[in-house]
Q: 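One structure, as structure tokens, below. Some questions next.
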Amino acid sequence: EAVMLAANDPAASALPGFDRAGEINKALNKMLDSSEEGMFRNDGKPDLRKLNAILGFNADRSEVDKAWDALMANCAPKAD
């Protein structure tokens with residue numbers, strides 16, 4: 001019997017094939033699109049509590065920083 005879980009269901013993050021990095025990237029993009037105050041720390045990085053609330057599971061700072069750095073590198077203007 002198949003059980004459907006929402007991507008932000010904490011049980012989903014433990015399932016084989018769950019794209020944890022992909023979900024983190026989607027949540028980071030939601031944060032960037034949001035007009036809500038306090039989504040980012042004073043250093044410009046995402047607030048982990050806000051991100052985890054969007055995700056529905058706990059991501060750790062190192063995996064978030066890795067995803068954030070990659071996202072920012074892709075957003076940066078390319079040198080000619």
Q: Just how far is it from atom CD of Glu63 to atom CG of Leu51, taken to the nearest 0.5 Å?
A: 9.0 Å

Q: CG/Asn29 to CG/Leu71 distance, rounded to the nearest 0.5 angstrom?
A: 5.0 Å

Q: Taking atom CZ of Arg41 and atom CG of Leu48, what is their separation to the nearest 0.5 Å?
A: 8.0 Å

Q: More than 12 non-hydrogen atoms from neighbouring residues, nucleotides or ligands closer than 6.0 Å to CG on Asp43, yes or no?
A: yes

Q: Which residue pairs satisfy the salt bridge (charged side-chain N to carboxylate O under 4.0 Å, His left out) criterion with at least one member in residues 66-75, sequence neighbours excluded?
A: none

Q: Look at the aromatic rings of Phe40 and Trp68 and report parallel, tilted or perpendicular, splitting at 30° and 60°.
A: tilted

Q: So, do Asn52 and Arg49 sit near enough that their side-chain heavy atoms are less than 4.5 Å apart?
A: no

Q: How long is the straight-line distance from CE of Met31 back to CE of Met39, given to the nearest 0.5 Å?
A: 5.0 Å

Q: Measure the CD1-CG distance between Ile24 and Asp60 for me, rounded to the nearest 0.5 Å.
A: 7.5 Å

Q: Once you round to the nearest 0.5 Å, how far does CG of Asp47 lie from CD of Glu37?
A: 12.5 Å

Q: Closest heavy-atom contact between Met72 and Leu32?
A: CE-CD1, 4.2 Å

Q: Using the rule given for salt bridge (charged side-chain N to carboxylate O under 4.0 Å, His left out), can you reason through Lys26 versus Glu23, listing the C-alpha separation, both sets of side-chain angles and the distance that settles it, and then say yes or no?
A: CA-CA 5 Å; Lys26 282 193 258 183; Glu23 291 302 318; 3.0 Å; yes

